[in-house]
Amino acid sequence: MSPPSERLQTKPVITCLKTFLISYSLIFWFTGVILLAVGVWGKVNLEFDLLLSSDKGTNAPYVLIGTGAIIIIFGLFGCFATCRGSPWMLKLYAMFLILVFLAELVAGISGFIFRHEIKAVLQEGYKKAESAYTGKDTEDLDRIQRTLHCCGEKNYTSWEDTPYFKAGNGIPKSCCNVTAGVNCTSAELKDMKTAASVVYQQGCFSLMTTTMESNLGIIAGISFGIAFFQLIGIFLACCLSRYITNNQYEMV
């Protein structure tokens with residue numbers, strides 16, 4: 001049995017580790033809330049449903065929602081395990097953080113390696129959305145073109161090969177360059193030559209991917225930073241579990 005002085009020195013360490021781990025768990029829980037919110041936003045908002053509508057598309061919004069929900073649950077579990085001071089709960093929490101770390105690391109590396117394939121899949125989804133356009137003025141393409149001030153996949157001429165344009169409807173009204181104070185007429189939008197002077201010149205898909213690629217380094221840095229953030233939690237959970245176990249052993 002260890003002297004009382006050693007036990008008294010151990011307790012402040014445990015208290016300090018508990019404080020840090022609870023703070024970490026709350027931050028971890030908050031990242032889960034963010035992922036859940038982004039997943040829900042992605043499901044109901046414009047780009048995700050549109051760009052992931054190809055046959056090869058993924059269920060990215062659902063993955064984010066599921067991941068966020070799991071992280072929220074385990075973040076709360078981490079707080080509970082820390083307050084309870086249960087070594088086996090803390091070890092279980094550390095194991096979960098290791099799994100999250102490995103999953104994030106694999107996802108980040110895979111995303112970087114297969115970025116060109118992902119871009120091709122998204123481009124196919126965009127082309128499909130253009131082909132299926134009906135002109136209800138409430139579709140995702142209209143919202144994207146109005147929001148980003150762009151027109152068509154590559155540019156406004158991309159609409160020329162779509163069933164919507166060939167049916168005599170012309171280029172969608174959402175392509176009209178309102179920033180230049182233009183008020184497009186149906187006749188102008190049905191003629192490619194006259195449309196060139198009244199619609200946005202920038203292609204939507206190229207605009208989105210250019211922005212994404214220009215920030216790829218920042219995105220990768222943030223992703224790996226979040227992944228390695230799990231190592232802090234793993235270290236704290238393991239240390240706290242060990243100190244609590246040793247303290248209980250010393251008390252016996």
Side-chain angles (χ1 to χ4, degrees), residues 21-84 86 88-126 128-129 139-140 143-144 147 208-209 211-213 215-216 218-238 241:
L21 190 55
I22 288 175
S23 301
Y24 170 87
S25 297
L26 289 174
I27 296 172
F28 186 58
W29 174 85
F30 187 65
T31 61
V33 173
I34 293 174
L35 283 177
L36 182 63
V38 170
V40 172
W41 174 86
K43 183 59 189 167
V44 300
N45 217 303
L46 44 115
E47 285 92 352
F48 264 115
D49 278 345
L50 168 67
L51 296 181
L52 300 175
S53 61
S54 69
D55 294 335
K56 298 178 182 177
T58 64
N59 292 316
Y62 296 109
V63 172
L64 288 174
I65 291 171
T67 304
I70 292 171
I71 288 176
I72 288 172
I73 293 170
F74 271 90
L76 293 174
F77 176 79
C79 291
F80 176 75
T82 305
C83 294
R84 184 79 181 272
S86 172
W88 74 266
M89 284 186 177
L90 290 167
K91 289 175 183 176
L92 181 62
Y93 185 45
M95 288 176 62
F96 172 75
L97 292 176
I98 290 171
L99 291 176
V100 172
F101 168 74
L102 293 175
E104 289 175 344
L105 204 60
V106 170
I109 294 171
S110 300
F112 183 78
I113 294 174
F114 298 108
R115 63 189 183 281
H116 298 299
E117 288 82 353
I118 294 171
K119 183 179 176 180
V121 170
L122 296 181
Q123 189 170 24
E124 181 185 339
Y126 200 103
K128 258 193 167 180
E139 298 183 50
D140 291 325
R143 285 183 285 172
I144 286 178
T147 303
M208 287 188 287
T209 53
T211 303
M212 181 180 70
E213 288 172 352
N215 293 294
L216 190 61
I218 298 174
I219 295 171
I222 293 173
S223 300
F224 284 112
I226 292 173
F228 281 98
F229 178 66
Q230 315 307 328
L231 294 178
I232 299 173
I234 296 167
F235 173 77
L236 290 173
C238 290
S241 175

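Everything numeric here is computed off the predicted structure, so don't read it as measured data. FYI, side chains are in, hydrogens and waters are out, and symmetry mates aren't considered; it's all heavy atoms of this structure.
Residue Thr31 holds its OG1 atom at 11.0 Å from CG of Leu26, rounded to the nearest 0.5 Å. One distance of note links CH2 of Trp29 with CG of Leu76; it measures 7.0 Å at 0.5 Å rounding. Here the straight-line distance linking atom CZ of Phe101 with atom CD1 of Ile232 works out to 11.5 Å at 0.5 Å rounding.
With sequence neighbours excluded, no residue satisfies side chain to side chain contact (heavy atoms under 4.5 Å, CB included) with Leu99. Annotation: side chain to side chain contact (heavy atoms under 4.5 Å, CB included) contacts of Leu102 (sequence neighbours excluded): Ile98. Remark: Ile27 pairs with Phe229 by the side chain to side chain contact (heavy atoms under 4.5 Å, CB included) rule, at least two apart or across chains. For Ser86, the side chain to side chain donor-acceptor pair (under 3.5 Å) test picks out Trp88, with sequence neighbours left out.
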Side-chain polar contacts of residues 33-40 - donor-acceptor pairs under 3.5 angstrom, sequence neighbours left out - could you list them?
none

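Among residue pairs with one or both ends in residues 91-100, those qualifying as side chain to side chain donor-acceptor pair (under 3.5 Å) are Ser25-Tyr93; sequence neighbours excluded.
Between Leu236 and the choices Leu97, Leu21, Ile22, the side chain to side chain contact (heavy atoms under 4.5 Å, CB included) rule is met once, by Leu21.
Relative orientation of the Phe77 and Phe74 rings is perpendicular, given thresholds of 30° and 60° on the angle between their planes.
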